[in-house]
Amino acid sequence: MEKAFDPDVLEKLLARIALKDQEALEQLYKRVSPKLNGVAMILLHDADLSNDVLQETFLQIWNKAGEYRRGLSEPMTWMTSLLRYRALDKLKSENREQKRREQHQEIQLLFNSDVSGSPLAEILHKDSNNRLHKCLQALDVLNRNAILMAYYYGYSREDIAIHIEKPINTVKAWLKRGLGRLAQCLGR
C-alpha cells in the first residue's frame, strides 16, 4: 500500500496536472487536502478562511504544476509553501478589511452626528462665538464631514471615498466646495 504523501506519486500527479489532467487534480486533492487544510487551520484559526485558502491553493497548483521542480523541494513541501503564502496573504487581507470596517463605523458615526460629537467639540465649544465653529456649522453635513475627515482625521481622498462609498471625484468636489465656503465664511 502506498503512502498518501509518497513523493514519487505526488510528483507524477503534478506532472499530469501540468498537462491539465483533472482526474490527477482530484486524486491529488484526496491525498493531500486534509493535511493542507490542517496547515491552513493552524495559520488562520478559521475554518471558512482555511477552506478558501485551500481552494485558492489548488487553483494555484492547477495553474503552476508545470513549474514544480523536484530538485528544489519535495512535492508536499512545494504545495505547503503555496498554501502558506496564500494563508499569509489572506491574513493581511483580513486585517486590512477589519481595519477598514472599524474605520467605516467611525465614519458612519461622524456622518450621522453633528460636529458636537466629533473630537473638535471641545475646541469648537470653548468659545461659542468661535468663527471656525460657526463657519463649520454653516456648511452642509457632507462638506463639513469631508473636511473633518481630511484635515482633522488625516484621511486621504481615496480613503474617504472608500469609507463613504462614493466616487473619489465626488469627495474632491465636496472638499473643494467646503473649503471654498469655509474660507469665504472666515473672510479670507
Side-chain angles (χ1 to χ4, degrees), residues 33 36-64 79-188:
S33 65
L36 291 176
N37 200 31
V39 172
M41 275 298 293
I42 290 168
L43 293 170
L44 298 167
H45 308 289
D46 183 282
D48 290 335
L49 293 178
S50 297
N51 290 331
D52 288 349
V53 165
L54 183 65
Q55 182 178 356
E56 292 169 10
T57 300
F58 271 91
L59 182 60
Q60 193 172 11
I61 289 169
W62 176 258
N63 290 321
K64 293 187 176 238
M79 290 182 286
T80 303
S81 177
L82 292 177
L83 179 120
R84 182 178 171 275
Y85 287 117
R86 296 268 53 86
L88 293 175
D89 286 347
K90 182 68 77 178
L91 279 175
K92 288 177 190 172
S93 173
E94 286 297 311
N95 288 340
R96 279 193 305 267
E97 184 57 32
Q98 179 61 33
K99 185 176 179 183
R100 220 179 256 142
R101 276 191 291 259
E102 290 168 1
Q103 289 175 336
H104 181 75
Q105 289 171 349
E106 290 175 19
I107 299 309
Q108 290 308 314
L109 288 174
L110 175 65
F111 269 68
N112 292 329
S113 65
D114 60 15
V115 174
S116 64
S118 79
L120 287 178
E122 185 179 328
I123 296 167
L124 296 176
H125 288 102
K126 280 184 180 177
D127 177 5
S128 61
N129 293 323
N130 184 316
R131 285 177 47 200
L132 178 59
H133 178 254
K134 285 183 176 181
C135 291
L136 279 170
Q137 290 296 5
L139 296 176
D140 63 73
V141 173
L142 296 175
N143 293 149
R144 178 176 61 240
N145 288 336
I147 288 171
L148 290 173
M149 288 173 69
Y151 298 103
Y152 184 78
Y153 290 103
Y155 287 97
S156 70
R157 292 175 290 195
E158 292 81 8
D159 289 338
I160 296 169
I162 290 168
H163 292 300
I164 63 173
E165 299 173 350
K166 296 286 184 195
I168 192 165
N169 288 337
T170 301
V171 172
K172 287 178 184 178
W174 288 349
L175 287 170
K176 183 177 181 182
R177 193 172 335 156
L179 287 173
R181 289 179 183 153
L182 190 60
Q184 190 176 38
C185 177
L186 290 170
R188 293 188 183 168

In chain order, what residues pass the side-chain contact (heavy atoms from CB on, under 4.5 Å) check against R84, with sequence neighbours excluded? L43, L88
Residues P167 and A161: closest non-hydrogen pair is C-CB, 4.2 Å
What residues, two or more places apart in sequence or in another chain, satisfy side-chain hydrogen bond (donor to acceptor under 3.5 Å, both in side chains) together with R157? none
With sequence neighbours left out, what residues match S33 under side-chain contact (heavy atoms from CB on, under 4.5 Å)? Y29, L54, F58
Measuring from atom NZ of K90 to atom CG of L44, what distance do you get when rounded to the nearest 0.5 angstrom? 8.5 Å
State the CD1-OG1 distance between I160 and T170, to the nearest 0.5 angstrom. 12.0 Å
Heavy-atom pair of closest approach, residues L182 and L139: N-CD2, 4.2 Å
Residues two or more places apart in sequence or in another chain: which of them pass salt bridge (Lys or Arg N to Asp or Glu O under 4.0 Å) with D140? R181
Out of curiosity, N145 CG to M149 CE, how far, rounded to the nearest 0.5 Å? 8.0 Å
Scan for salt bridge (charged side-chain N to carboxylate O under 4.0 Å, His left out) pairs involving residues 168-180, sequence neighbours excluded, and state none if there are none. none
With D46 via side-chain hydrogen bond (donor to acceptor under 3.5 Å, both in side chains) - residues at least two apart: none
With sequence neighbours left out, write down each residue that passes side-chain contact (heavy atoms from CB on, under 4.5 Å) with S156, or none if nothing qualifies. E158, D159
How far does CD of E56 sit from CG of L49, to the nearest 0.5 angstrom? 9.5 Å
Given side chains that start at C-beta, do those of L175 and Y151 come closer than 4.5 Å, heavy atoms only? yes
With disulfide (SG to SG under 2.5 Å) as the rule and sequence neighbours excluded, what pairs involving residues 155-184 come up? none
For Q60, the side-chain contact (heavy atoms from CB on, under 4.5 Å) test, sequence neighbours excluded, returns K64, L82, R86
Mind checking the NZ-CG spacing from K134 to L186? Nearest 0.5 Å is all I need. 12.0 Å
